[in-house]
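Taking it in order: structure first as C-alpha cells, then the write-up.
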Amino acid sequence: MTAECRAARRALLLGEASSAGVASHLRSCRECREFEAAERAVADLVSSRAHRPPAPHSLRERLVAALEAERRRSGPTARRFAFWGLLLAATGL
C-alpha cells in the first residue's frame with residue numbers, strides 16, 4: 001500500500017472523500033475502490049440494523065406543533081413539506 005492509498009483510505013474513513021485527490025486516486029486504484037465499497041457496505045449494514053429508539057413523545061408533540069404553525073404561517077411549499085417529512089421520519093413519528 002502506497003502513501004497515497006493510506007491518505008485516500010484515511011479520507012474515506014473520516015468522511016472527507018469528496019476531494020479531487022481522493023476521487024482521482026480511486027479511479028486509478030482498484031484496491032482502494034474495493035476498500036471504499038467494503039466500507040460503504042459495512043456502514044449501510046450497520047445503519048440498516050442499528051436500533052434507533054423512537055423520539056420522546058414531547059419532542060414529537062413539539063415537531064407537530066411547529067409543523068402546524070409553519071403551515072398556517074406561510075402556506076405549503078414542496079421544500080418545506082420535504083424538510084418536515086424527513087424530520088418526522090427521522091424521529092420515528
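The structure presented is a predicted model; accordingly, all values stated were derived computationally and were not measured. Counting begins at 1 with the first residue of the sequence.
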Mind checking the [atom1]-[atom2] spacing from [X] to [Y]? Nearest 0.5 Å is all I need.
X: R6; Y: C32; atom1: CZ; atom2: SG; value: 10.5 Å
X: H25; Y: E36; atom1: NE2; atom2: CD; value: 10.5 Å
X: E34; Y: C29; atom1: CD; atom2: SG; value: 8.5 Å

Original post:
Under a single-linkage definition using a 4.5 Å side-chain heavy-atom cutoff for Ile, Leu, Val, Met, Phe, Trp and Tyr, are F35 and M1 assigned to the same hydrophobic cluster?
Top reply: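 In one cluster with F35: M1, no.
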Subject >> Exercise: identify the closest heavy-atom pair between R60 and A55 >> reply: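 Heavy atoms only, the tightest pair is NH1-O, 2.7 Å.
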Subject >> Under 3.5 Å donor-acceptor, S47 side chain and A43 backbone >> reply: no
Original post:
Got a sec: does the CZ of R33 have more than 12 other heavy atoms crowding it under 6.0 Å?
Top reply: yes
